[in-house]
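Read through the structure below, which is laid out as structure tokens, and then see the notes.
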Amino acid sequence: NHQRMNYQEKLALDFKNEDYQSVIDALKQNIEKGIDPLISSVELIYVHWFIVLEVREYTCCGMTWEESCDELVRVYNTYSPRWLDDAEFLFYTSYMGSCFCEEFIGVSRKTIVEMSEKAYAMHPDNWAYQWLAFSCKQLEYREQGREDEWRKENRRLARLVLADEDCVS
């Protein structure tokens, strides 16, 4: 019996098979049709982020690497405004943004820190949100000569995240 794959399984399979254009097209359709628009927006930003940071081919999805960078900025700017009050969106995009945020999506380090802090303020009982909010402050601690202190606390929070079933499931 051949069962029909749900859209999430199909997306995962297409992503695994490096068919990024199919993933992008499906996510855009989901957003247009109102199918998990929050998660689809985050995943769409993630796919573009992944292409820029991990694929690094001269052409992917018919775009040069530079065009992929521009597309990541466009996608982020298109889909982020409607979710800036959602903790889950803030968490995932500030996590992605904490890696090369200014270079690739034009979002300042300060904004990324604010996004992660806002997500944590909305869910102060979530260890992952607390870890990210703290982790994003590495540059601040480095500038103050307190990087060892930052590293110790960051590791403590990371252990709490890993020990929390709700965070790692």
Side-chain angles (χ1 to χ4, degrees), residues 15 20 23-24 27-28 30-32 36-58 60-61 63-164 166-169:
F15 189 84
Y20 304 119
V23 175
I24 289 167
L27 290 169
K28 285 180 177 179
N30 286 352
I31 293 166
E32 288 173 15
D36 290 336
L38 168 65
I39 297 302
S40 294
S41 297
V42 171
E43 289 176 346
L44 183 61
I45 292 167
Y46 174 79
V47 171
H48 284 287
W49 178 80
F50 182 85
I51 290 169
V52 168
L53 294 180
E54 299 294 334
V55 176
R56 298 186 212 161
E57 294 176 9
Y58 288 104
C60 183
C61 301
M63 293 182 276
T64 65
W65 187 82
E66 288 81 9
E67 290 168 333
S68 293
C69 291
D70 293 341
E71 183 66 4
L72 173 58
V73 172
R74 191 192 69 69
V75 166
Y76 177 82
N77 289 335
T78 299
Y79 295 101
S80 64
R82 72 192 270 198
W83 303 112
L84 289 178
D85 288 323
D86 186 277
E88 189 172 12
F89 180 86
L90 291 167
F91 172 77
Y92 286 114
T93 55
S94 60
Y95 177 78
M96 286 183 271
S98 68
C99 303
F100 309 107
C101 57
E102 293 175 270
E103 294 84 349
F104 293 117
I105 57 174
V107 176
S108 72
R109 171 82 39 206
K110 180 180 181 225
T111 299
I112 293 299
V113 169
E114 289 169 355
M115 288 170 64
S116 65
E117 288 175 341
K118 184 175 179 180
Y120 172 51
M122 295 167 128
H123 294 279
D125 56 334
N126 186 309
W127 288 115
Y129 288 23
Q130 183 179 1
W131 165 78
L132 183 62
F134 182 79
S135 184
C136 285
K137 295 179 183 178
Q138 180 182 14
L139 186 59
E140 177 184 321
Y141 275 74
R142 183 181 300 146
E143 289 170 349
Q144 297 171 1
R146 299 169 49 207
E147 194 159 13
D148 287 341
E149 179 184 334
W150 174 87
R151 190 175 292 105
K152 183 179 178 182
E153 180 63 7
N154 196 52
R155 286 179 182 168
R156 183 188 76 78
L157 290 170
R159 281 192 301 272
L160 291 170
V161 170
L162 293 172
D164 187 332
D166 291 331
C167 289
V168 295
S169 60

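These numbers come from a predicted model, not from an experiment. Numbers here simply count residues along the sequence, with the first being 1.
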Residues in side-chain contact (heavy atoms from CB on, under 4.5 Å) contact with Ser40, at least two apart in sequence or another chain
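Counting only residues at least two positions away or on another chain, Ser40 forms a side-chain contact (heavy atoms from CB on, under 4.5 Å) with Leu27, Asn30, Ile31, Asp36.
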
Taking the side chain as everything from C-beta on, heavy atoms only, tell me whether [X] gets closer than 4.5 Å to [Y].
X      : Y      : value
Cys136 : Leu132 : yes
Tyr120 : Asn126 : no
Gln138 : Asn154 : no

List in chain and number order the residues that pass salt bridge (charged side-chain N to carboxylate O under 4.0 Å, His left out) with Glu114, two or more places apart in sequence or in another chain; answer none if no residue qualifies.
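Checked Glu114 against salt bridge (charged side-chain N to carboxylate O under 4.0 Å, His left out); matches are Lys110.
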
Before you tell me yes or no, could you show the steps for Ile51 and Cys61 under side-chain contact (heavy atoms from CB on, under 4.5 Å), namely the whole-Å CA-CA distance, both residues' side-chain angles and the distance that decides it to 0.1 Å?
CA-CA 9 Å; Ile51 290 169; Cys61 301; 4.1 Å; yes

Between Tyr20 and Phe15 (judged by ring centroids, cut-off 6.0 Å), do the two rings come close enough to count as a pair?
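Yes, close enough.
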
Validation row, ring centre Phe134 to ring centre Tyr129 under 6.0 Å
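Not close enough - the centres of the two rings lie 6.0 Å or further apart.
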
Just grab all the salt bridge (Lys or Arg N to Asp or Glu O under 4.0 Å) pairs involving residues 78-88, residues at least two apart or on different chains.
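The answer is Asp85-Lys118.
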
Could you give me the CA-CA distance, side-chain angles and deciding distance for Glu149 and Lys152, then say whether salt bridge (charged side-chain N to carboxylate O under 4.0 Å, His left out) is met?
CA-CA 5 Å; Glu149 179 184 334; Lys152 183 179 178 182; over 6 Å; no

Smallest heavy-atom separation, Pro81 atom then Asn77 atom, equals CD-O, 3.2 Å

Provide the closest heavy-atom pair for Ala119 versus Leu90 in the form atom of the first, atom of the second, distance.
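Heavy atoms only, the tightest pair is CB-CB, 3.8 Å.
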
Around atom OH of Tyr95, are there more than 12 heavy atoms of other residues, nucleotides or ligands at under 6.0 Å?
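It does not: Tyr95 OH has 12 such atoms or fewer within range.
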
